[in-house]
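Scroll down for the structure; my scribbles are underneath it.
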Amino acid sequence: MALSIVEFAKVRDTVSELLDELRLDAYLFEIEPRDEQWELKVDCAVEADGAWETITLSVSKETLLLSRNDVPARRRMLTEWRERLAACKLRAGRGDDENAIPDH
């Protein structure tokens, strides 16, 4: 799989934007290309006790890049990630805007 630095940077920026939209309190992430699906590892502070947990997600590069400009694709991805990362602690002041996704 040939991957340009520019393409990888776009994927990484997109993941960062999506995770920021989820309003996680504290997290680190790594994204690694695989054959068809990419592996996203998110280390996040856990709501219950403040410990850290690693959650691994599988995501396609095409879906990630599509979610940069396609609002429905972005919503689907955020909904899926919100469910998978439900144990992660969220920032205070979250409010009721959890489904509000800005048009990018």
Side-chain angles (χ1 to χ4, degrees):
M1 166 192 290
L3 180 68
S4 74
I5 292 172
V6 171
E7 192 173 37
F8 185 76
K10 283 182 185 178
V11 167
R12 187 161 175 76
D13 287 347
T14 301
V15 169
S16 181
E17 290 171 8
L18 289 165
L19 291 173
D20 282 347
E21 282 187 50
L22 292 176
R23 300 186 48 83
L24 303 180
D25 184 48
Y27 69 90
L28 300 170
F29 76 92
E30 293 179 14
I31 183 89
E32 296 182 20
R34 301 288 187 238
D35 292 327
E36 295 298 316
Q37 297 288 314
W38 284 37
E39 183 178 87
L40 172 61
K41 290 185 181 180
V42 180
D43 294 316
C44 65
V46 179
E47 186 72 44
D49 58 9
W52 284 71
E53 180 177 328
T54 300
I55 299 169
T56 303
L57 307 172
S58 184
V59 63
S60 78
K61 177 184 72 173
E62 291 77 22
T63 302
L64 266 175
L65 293 176
L66 179 63
S67 73
R68 288 177 64 90
N69 301 310
D70 184 278
V71 173
R74 190 175 195 89
R75 284 190 177 136
R76 284 190 301 274
M77 183 154 296
L78 285 169
T79 298
E80 177 185 337
W81 288 13
R82 185 175 293 114
E83 290 171 7
R84 297 286 310 276
L85 299 170
C88 296
K89 184 176 180 183
L90 302 178
R91 289 192 295 260
R94 176 176 162 187
D96 291 329
D97 64 346
E98 89 176 56
N99 292 318
I101 299 169
D103 295 331
H104 287 279

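L22 and L18 fall within a single hydrophobic cluster, where Ile, Leu, Val, Met, Phe, Trp and Tyr are joined by side-chain heavy atoms under 4.5 Å apart, directly or via other members. Hydrophobic cluster membership differs between W38 and L66, with clusters built from Ile, Leu, Val, Met, Phe, Trp and Tyr side chains linked at under 4.5 angstrom.
Every side-chain hydrogen bond (donor to acceptor under 3.5 Å, both in side chains) that D43 has, sequence neighbours left out, goes to T54. In terms of the side-chain hydrogen bond (donor to acceptor under 3.5 Å, both in side chains) criterion, residue partners of Q37 (sequence neighbours excluded) are, by chain and number, S58. Shown here are the salt bridge (Lys or Arg N to Asp or Glu O under 4.0 Å) partners of K41, two or more places apart in sequence or in another chain: E39. Applying the side-chain hydrogen bond (donor to acceptor under 3.5 Å, both in side chains) criterion to E32, with sequence neighbours excluded, gives R34. Taking the side chain to side chain contact (heavy atoms under 4.5 Å, CB included) definition, one finds that E53 meets it with V46, I55, A87, sequence neighbours left out. For D13, there are no side-chain hydrogen bond (donor to acceptor under 3.5 Å, both in side chains) partners, not counting sequence neighbours.
Using a 4.5 Å heavy-atom threshold, the side chains of V42 and L28 count as separate. Residues L65 and R68 have side chains in contact (heavy-atom distance under 4.5 Å, counting atoms from C-beta outward). At a threshold of 4.5 Å between non-hydrogen side-chain atoms, the residues L64 and K10 do not count as touching. The closest side-chain heavy-atom distance from R74 to E17 is below 4.5 Å. With a 4.5 Å cut-off on side-chain heavy atoms, D25 and C88 do not count as touching. Residues W81 and L40 have side chains in contact (heavy-atom distance under 4.5 Å, counting atoms from C-beta outward).
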> Going through the distances and angles, do L19 and L85 end up as a side chain to side chain contact (heavy atoms under 4.5 Å, CB included)?
Replying inline: CA-CA 10 Å; L19 291 173; L85 299 170; 3.8 Å; yes
>> Using side chain to side chain contact (heavy atoms under 4.5 Å, CB included), reason through I31 and F8 one step at a time and then give a plain yes or no.
In response: CA-CA 9 Å; I31 183 89; F8 185 76; 4.1 Å; yes
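Here the OG atom belonging to S67 is positioned 9.5 Å from the CZ atom belonging to R76, to the nearest 0.5 angstrom. Atom SG in C44 sits 7.5 Å away from atom CH2 in W52 (nearest 0.5 Å). Going from atom OG of S60 over to atom CE of M77 covers 6.0 Å, rounded to the nearest 0.5 Å.
Proximity of a side-chain donor or acceptor of R12 to a complementary backbone N or O of E30 within less than 3.5 Å is not detected.
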